[in-house]
Amino acid sequence: MRIVLIHGQNHMGSSYHIGRIIAEQIKGENTLTEFFLPSALNHFCAGCYSCIEDESKCPFFTEKHRIMSEVEKADILIFTTPTYCMRASAPMKSFLDMTFTYWMIHRPRACMFKKKAVVVSTAAGTGAKSAVKDISTALGYWGVSDIKKYGISVQAMNWESMAQKKKAKIIKDTAKIANKLSKAKKSAVSIKTKAIFFMMRMMQKNGMGAGESEKAYWQEKGWLDKERPWRE
C-alpha cells in the first residue's frame with residue numbers, strides 16, 4: 001500500500017514518532033512518503049481565489065501539487081501535528097487552507113472517498129483532541145470517511161523525555177490502529193459523507209457554488225446526474 005505522512009512540524013517530536021510507529025506497523029509491502037511542514041510548503045494562502053478558476057494559477061501551486069499528487073495516489077494518509085495553543089500547528093492549518101478546493105463544495109476528488117486516514121496529535125497538557133479535530137474535519141470535507149483519531153497528552157516536551165509507561169500505552173494503542181488499517185477491506189462511505197455530498201451537489205445544481213467553472217467540473221464528472229465519486 002502507498003502511505004503518505006504529512007507532519008505539521010519540521011522537528012521529529014512525539015507526534016512524528018507516533019505517526020511513524022503506526023506506519024511501520026501496517027502489515028504488507030508498503031511504500032512510505034513523508035512531507036514536513038513548513039519545509040515542504042512554507043506559504044500562507046494569499047486569498048487571491050485564482051485556484052477557483054484554475055488551480056494551476058495558485059502562486060504556490062508547484063509545492064502544493066508535489067504534496068497533493070502523492071496524497072491522491074495514497075491508500076492511507078497519516079497526519080501528525082503537535083498541539084500548539086490547543087489547536088493544530090500553524091503550518092498544518094496553512095496547508096489545509098491551501099487545499100480548500102478539494103472540499104466537496106468545490107472540486108472534490110473521487111479518490112478521496114476510498115482512502116483511510118489517521119490523525120495524530122500530542123500535547124504536553126491538554127488540547128490534543130481539538131488539534132485532531134481541526135484536521136479530521138478538513139479530511140471529512142475532502143470526502144474521507146474512514147478516519148482514525150489519536151490525540152494524547154504525553155506530559156513531556158519530547159519523545160525522549162516521555163515516561164516509559166506512557167510510551168508503552170502508545171505502542172499498545174497504535175498497534176490496534178495499525179491492525180485496523182492493515183485489513184484489506186475497502187472503506188465504506190459513511191452516511192454523513194454522502195449527506196454532505198448531496199447537499200453540495202444540490203448547491204452546485206442551483207448555481208450556488210463558487211462559479212461556472214466549478215459547476216462545469218461537476219457536470220463533467222457526471223455527479224449532477226447519476227454518477228457518484230465513491231463508485232468510480
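These numbers were taken from a predicted model, which means no experiment stands behind them. Computed from heavy atoms alone, side chains included, the values below leave out hydrogens, waters and symmetry copies.
Side chains of Ser213 and Arg107: a donor on one and an acceptor on the other come within 3.5 Å. Counting only N and O atoms by type, the side chains of Thr174 and Gln25 include a donor and acceptor under 3.5 Å apart. A donor atom on one side chain and an acceptor atom on the other are found under 3.5 Å apart for Asn158 and Ser161. Side-chain contact check for Ser121 and Thr83: at least one donor-acceptor pair (N or O, by modelled atom type) lies under 3.5 Å. Inspection of the Thr122 and Ser15 side chains reveals an N or O donor paired with an N or O acceptor under 3.5 Å.
The 12-atom threshold is not exceeded at OH of Tyr141, counting heavy atoms of other residues, nucleotides or ligands nearer than 6.0 Å. Surrounding CZ of Phe44 are at most 12 heavy atoms belonging to other residues, nucleotides or ligands under 6.0 Å away. Residue-environment remark: NZ (Lys167) exceeds the threshold of 12 foreign heavy atoms within 6.0 Å. Residue Lys149 places its NZ atom among 12 or fewer non-hydrogen atoms of other residues, nucleotides or ligands, all under 6.0 Å distant. At most 12 heavy atoms of other shown residues, nucleotides or ligands fall within 6.0 angstrom of atom NZ in Lys93. More than 12 heavy atoms of other residues, nucleotides or ligands shown are found within 6.0 angstrom of CZ on Phe198.
In this structure, the side chains of Ser89 and Gln9 stay at 4.5 Å or more apart for every pair of heavy atoms. When side chains are defined from C-beta on, Lys64 counts as touching Cys58, because their heavy atoms get closer than 4.5 Å. Considering only heavy atoms from C-beta on, Glu70 comes within 4.5 Å of Phe35 through its side chain. Proximity of Val119 to Ile147: side-chain heavy atoms (C-beta onward) are separated by under 4.5 Å at one or more points. The side-chain heavy atoms of Arg2 and Asn30, taken from C-beta on, include no pair separated by under 4.5 Å. Using a 4.5 Å heavy-atom cutoff, the side chains of Asp173 and Ile171 are not in contact. Between Lys116 and Leu77, the closest side-chain pair of non-hydrogen atoms is not below 4.5 Å. At least one side-chain heavy atom of Lys166 sits less than 4.5 Å from a side-chain heavy atom of Gln155.
Remark: Leu32 CG to Leu5 CG distance equals 6.0 Å, nearest 0.5 Å. Rounded to the nearest 0.5 angstrom, Thr193 OG1 and Leu139 CG are separated by 10.5 Å. In this structure, CD1 in Ile105 is found 5.0 Å from CE in Met200, a value given to the nearest 0.5 Å. In this structure, NE2 on His65 lies 13.5 Å from CG on Leu41, to the nearest 0.5 angstrom. Distance check: Phe61 CZ to Lys57 NZ gives 12.5 Å after rounding to the nearest 0.5 Å. Here CD1 of Ile152 is found 9.5 Å from OG of Ser14. Values are rounded to the nearest 0.5 Å.
With Asp54 contributing its side chain and Ser56 its backbone, the two residues share a donor-acceptor pair below 3.5 Å. Put simply, the side chain of Asp97 never gets that close to the backbone of Cys45: no donor and acceptor are under 3.5 Å apart. Checked by atom type and distance alone, the side chain of Ser94 pairs as donor or acceptor with a backbone atom of His43 at under 3.5 Å. Lys115 places a side-chain N or O within donor-acceptor distance of the main-chain N or O of Glu72, the cut-off being under 3.5 Å.
Clustering ILVMFWY residues whenever any of their side-chain heavy atoms sit less than 4.5 angstrom apart, transitively, puts Phe36 in a cluster other than the one holding Ile22.
A salt bridge links Asp146 with Lys148: at least one charged nitrogen is closer than 4.0 Å to a carboxylate oxygen. At a threshold of 4.0 Å, the pair Glu232-Lys221 does not count as salt-bridged, since none of the basic side-chain nitrogens sits closer than that to a carboxylate oxygen. No salt bridge links Glu227 with Arg201; every basic N to acidic carboxylate O contact stays at or beyond 4.0 Å.
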Legend entry - Derivation of the salt bridge (Lys or Arg N to Asp or Glu O under 4.0 Å) call for Glu212 and Lys215: CA-CA 5 Å; Glu212 288 301 316; Lys215 187 172 182 179; 5.5 Å; no
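Taking the ring centre of Tyr102 as origin, the terminal cationic atom of Arg109 falls inside the region bounded by 6.0 Å and 45° from the ring axis.
Between His106 and Phe100, the ring centre distance stays below 6.0 Å.
Between Trp223 and Phe197, the ring planes are perpendicular. Angles over 60° get that label, and only those under 30° would be called parallel.
Residue pairs meeting the ring-ring contact (aromatic ring centres under 6.0 Å, His included) criterion with at least one partner in residues 108-137, sequence neighbours excluded, are Phe113-Trp230.
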